J.: 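Submitted below is the structure of interest, expressed as structure tokens.
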There are 2 protein chains.
Amino acid sequence: MLKGHQTWVFDSKPVILSSAAVGGPFEGKGALADDFDILHEDIWLGQDSCEKAEKKLLEEACETAITKGNMEKEDVQFFISGDLMNQIISSSFAARTLGMPFLGVFGACSSSMEGLALSSLLVDSKSANYVVTGASSHNVTVEKQFRYPTEYGAQKPPTAQWTVTAAGACLLAREGEGPRINCATVGRVVDMGITDPYNMGSAMAPAAVDTIEAHFRDMNIEPSYYDLIATGDLGKVGHRIASDLLAKHNLKIPQSIFTDCGMLIYREDQPVIAGASGCGCSASVTYGHILKRMKKGELKKVLIVATGALLSPLSYQQKESIPCIAHAVSIEI
Amino acid sequence: MLKGHQTWVFDSKPVILSSAAVGGPFEGKGALADDFDILHEDIWLGQDSCEKAEKKLLEEACETAITKGNMEKEDVQFFISGDLMNQIISSSFAARTLGMPFLGVFGACSSSMEGLALSSLLVDSKSANYVVTGASSHNVTVEKQFRYPTEYGAQKPPTAQWTVTAAGACLLAREGEGPRINCATVGRVVDMGITDPYNMGSAMAPAAVDTIEAHFRDMNIEPSYYDLIATGDLGKVGHRIASDLLAKHNLKIPQSIFTDCGMLIYREDQPVIAGASGCGCSASVTYGHILKRMKKGELKKVLIVATGALLSPLSYQQKESIPCIAHAVSIEI
């Protein structure tokens with residue numbers, strides 16, 4: 001049910017029956033390595049292209065989530081997924097493997113929470129009994145498509161972020177044990193005129209702030225309602241801008257509960273410049289690390305605000321600025 | 001509410017308050033020219049790139065639909081849209097102009113009905129009062145991205161289709177006068193091994209058949225229930241294959257009620273080879289031509305089965321076959 005202007009409140013509070021995170025070798029050396037279900041030592045995952053490797057990451061995340069939920073693929077009605085590849089081929093080809101009715105979404109790195117919001121709506125409205133939703137990214141495929149092949153060794157400015165090689169997925173149901181989806185706030189496109197594809201954090205921060213403000217306005221609650229508010233992949237630069245903007249707008253979020261998935265996934269000594277990015281970042285951190293913390297009882301109420309930069313290499317070449325968006329989902333246990 | 005395996009039945013039957021179709025010069029010479037709200041003589045629409053022209057087509061279709069529904073942008077809660085461009089920039093940049101909370105979808109040329117199905121779900125579940133949904137394509141942008149720039153004058157085989165330069169959109173509401181959405185069937189990915197990007201009709205036909213069969217199975221009705229069953233953009237080749245497959249599967253659809261948007265939009269003497277394609281094909285034919293026929297009383301019950309080929313140029317280069325999908329929406333007046 002719509003609350004305020006852009007927030008859906010789910011009466012039945014759909015439950016995350018199970019979830020899974022799958023990562024690559026660099027993620028296996030990261031700060032959250034223990035929270036992945038599968039870690040690959042080979043960035044190719046034994047495939048003959050990194051695009052096929054990314055698809056496999058997503059398939060494994062979905063299949064692992066289904067298995068952990070003691071379900072079979074045939075029991076699941078719908079698969080909702082998105083990624084950064086042109087024509088979201090990781091998701092579409094994974095949908096071919098999974099064989100379920102499929103709804104492709106695109107919100108760049110906000111796809112993870114766009115998918116979770118829509119999946120929750122399907123379950124809450126009794127349009128599905130079980131839905132699998134996920135998102136993926138691969139460092140090599142994304143760098144090649146949006147910037148340069150990694151083999152070129154191109155130098156990057158201090159605002160650049162490291163695209164995560166990972167996928168995350170969850171199995172959502174109407175009933176059962178697990179964290180529950182309380183509500184979701186669908187974001188508007190915000191574009192403050194940033195044109196630099198090496199500065200995604202700055203571009204996306206205002207979109208994150210816009211959605212966070214809309215969420216608290218629509219729900220008429222205070223930030224202290226949550227134990228953790230995690231943006232998608234703003235990185236260090238975007239996180240600082242978002243914090244400043246929120247303070248300017250008089251929305252006080254204590255730094256102790258405000259974090260960013262792009263700042264959590266790697267260790268300080270990994271050369272990721274301003275932090276992590278990619279659809280697989282918020283997906284794997286949420287469906288791996290954060291849900292594990294919730295199940296351990298460390299966190300009870302969490303708001304995930306996945307952020308997306310909706311540019312294409314072509315829009316950049318045509319000197320367009322970068323439209324950004326953020327979708328927020330509230331999870332409670 | 002879920003019926004059968006993959007069909008949503010909408011209890012409140014969301015109403016299409018208004019709709020609009022916008023086309024280019026070639027569409028202005030086509031068979032359905034009278035059904036467009038706006039026809040441009042300039043394929044650039046006065047923009048400095050055809051990508052920006054495509055975005056403008058979509059913006060105009062959405063803005064015209066909103067105006068025809070006597071609404072303001074501010075009254076509409078959500079915009080759901082998709083297109084064929086990498087990272088669906090036509091939709092994302094139109095969302096920036098429209099300023100509404102945005103959900104990007106990707107199902108290639110099935111995006112039109114993926115968007116209408118999801119919009120209906122939003123309205124039916126009271127997650128929105130008003131939703132605008134649309135889809136677009138542009139001959140020059142699509143040909144350049146998926147095949148060759150049109151300026152190359154590359155020869156095409158007899159199975160090739162002509163990408164439509166058009167956009168269609170509609171304004172959906174819970175109450176009011178107009179055609180109503182009865183139900184929607186979400187498709188599975190079907191891939192019969194076709195690898196030729198000049199033969200989309202053959203690739204997509206089995207997906208259309210899969211969704212049509214699922215629709216009649218889930219709804220437990222006969223094809224004669226409908227006055228018209230229109231697939232998205234199979235063209236002549238795909239239409240014949242779909243007809244043959246349906247006959248083989250013992251699902252008898254009289255040829256008098258079975259058509260394809262890709263066979264309707266152009267005249268016989270236009271050099272479109274096997275017919276039309278592109279996200280804007282089913283969108284403009286449905287939201288222009290077919291809805292006008294419904295309002296005139298010529299058609300009462302219609303099933304639109306938008307079909308999508310989920311390939312990317314990269315998946316083709318990597319010798320992958322073409323996964324296809326179709327989403328069906330039932331409209332009644």
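Computed from a predicted model, the values in this text were never measured in an experiment. Chain naming here is simple, since letters A, B, ... match the order of the sequence lines and numbering starts at 1 in each.
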J.: Taking atom OH of Tyr130(B) as the centre, does the number of heavy atoms from other residues, nucleotides or ligands within less than 6.0 Å exceed 12?
T.: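 Incorrect, the count does not exceed 12.
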
J.: Within residues 105-117 of chain A, which positions have a heavy-atom distance to chain B below 4.5 Å?
T.: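 So far as heavy atoms go, Val105(A), Phe106(A), Glu114(A) are the residues that approach chain B to under 4.5 Å.
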
J.: Would you please name every residue forming a side-chain hydrogen bond (donor to acceptor under 3.5 Å, both in side chains) with Glu54(A), sequence neighbours left out?
T.: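 Result, side-chain hydrogen bond (donor to acceptor under 3.5 Å, both in side chains) vs Glu54(A): Ser90(A), Ser136(A), Thr141(A).
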
J.: side-chain contact (heavy atoms from CB on, under 4.5 Å) for Lys52(B) and Ser315(A)? Distances and angles first, verdict last.
T.: CA-CA 9 Å; Lys52(B) 291 180 185 171; Ser315(A) 69; over 6 Å; no

J.: With a 4.5 angstrom heavy-atom cut-off, could you sort out which part of Ser321(A) is near chain B: side chain, backbone, both or neither?
T.: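 Both parts, heavy atoms under 4.5 Å.
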
J.: Check Gln87(A) against Asn86(B) and note the closest heavy-atom contact, atom names and distance.
T.: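 Scanning both residues completely, I find the closest heavy atoms to be NE2-OD1, 3.0 Å.
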
J.: Could you name the residues of residues 1-9 of chain A that have a heavy atom within less than 4.5 Å of a heavy atom in chain B?
T.: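 Met1(A), Leu2(A), His5(A), Gln6(A), Trp8(A), listed by number.
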
J.: Under a 4.5 Å heavy-atom cutoff, which of Leu98(B), Leu122(B), Leu118(B) has the most pairs with chain A?
T.: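 Of Leu98(B), Leu122(B), Leu118(B), Leu122(B) has the most heavy-atom pairs under 4.5 Å with chain A.
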
J.: Examine whether an atom of Phe78(A) lies under 4.5 Å from a heavy atom of chain B, and if so say whether it belongs to the side chain, the backbone or both; otherwise answer neither.
T.: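 For Phe78(A), the contact with chain B is made by the side chain alone.
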
J.: Taking CZ in Phe216(A) as the centre, count heavy atoms belonging to other residues, nucleotides or ligands within less than 6.0 Å. Is the count above 12?
T.: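 Atom CZ in Phe216(A) is crowded, with more than 12 foreign heavy atoms closer than 6.0 Å.
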
J.: What's the separation between atom OG in Ser125(B) and atom CG in Leu121(A), rounded to the nearest 0.5 Å?
T.: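 The distance works out to 4.5 Å.
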
J.: Taking every non-hydrogen pair under 4.5 Å, which of Lys126(B), Gln318(B), Gln77(B) racks up the most with chain A?
T.: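 Greatest number of close heavy-atom pairs with chain A: Gln318(B).
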
J.: Considering only heavy atoms, which portion of Leu103(B) lies under 4.5 Å from any heavy atom of chain A: side chain, backbone, both, or neither?
T.: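 Backbone plus side chain of Leu103(B), per the 4.5 Å heavy-atom cut-off to chain A.
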
J.: Quick one: closest heavy-atom pair of Arg188(A) and Gly99(B), and the distance?
T.: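 Nearest pair, atom of Arg188(A) first, then Gly99(B): CD-O, 3.3 Å.
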
J.: Can you tell which part of Phe10(B) gets under 4.5 Å to a heavy atom of chain A, answering side chain, backbone, both or neither?
T.: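 Neither; nothing under 4.5 Å.
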
J.: Are there more than 12 heavy atoms of other residues, nucleotides or ligands under 6.0 Å from atom CE of Met192(B)?
T.: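 Count not over threshold, so no.
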
J.: In Å, rounded to the nearest 0.5 Å, how long is the span from CG of Leu310(A) to OG of Ser91(B)?
T.: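 Rounded to the nearest 0.5 Å, the CG-OG separation comes to 10.5 Å.
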
J.: Any side-chain heavy atom of Val186(A) within less than 4.5 Å of one from Phe102(B)?
T.: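 No; the side chains remain at least 4.5 Å from each other.
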
J.: Taking Glu51(A), Met100(A), His327(A) one by one, which has the highest count of heavy-atom pairs under 4.5 Å against chain B?
T.: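 Among Glu51(A), Met100(A), His327(A), the one with the most close pairs to chain B is Glu51(A).
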
J.: Counting heavy-atom pairs under 4.5 Å with chain B, which one of Ile80(A), Asp124(A), Val190(A), Ile88(A) comes out on top?
T.: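 Most heavy-atom pairs within the cutoff with chain B belong to Ile88(A).
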
J.: To the nearest 0.5 Å, tell me how far Asp191(B) CG sits from Ser92(A) OG.
T.: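 Between Asp191(B) CG and Ser92(A) OG, I get 11.0 Å after rounding to 0.5 Å.
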
J.: Check side-chain hydrogen bond (donor to acceptor under 3.5 Å, both in side chains) between Ser312(A) and all other residues, then give those that pass, not counting sequence neighbours.
T.: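 In terms of side-chain hydrogen bond (donor to acceptor under 3.5 Å, both in side chains), with neighbours along the sequence ignored, Ser312(A) is linked to no residue.
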
J.: Would a 4.5 Å heavy-atom cut-off, applied to side chains only, mark Ser49(B) and Glu320(A) as touching?
T.: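 A side-chain contact under 4.5 Å is absent here.
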
J.: Counting only heavy atoms not in Tyr198(B), do more than 12 fall under 6.0 Å of its OH?
T.: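 Correct, the count exceeds 12.
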
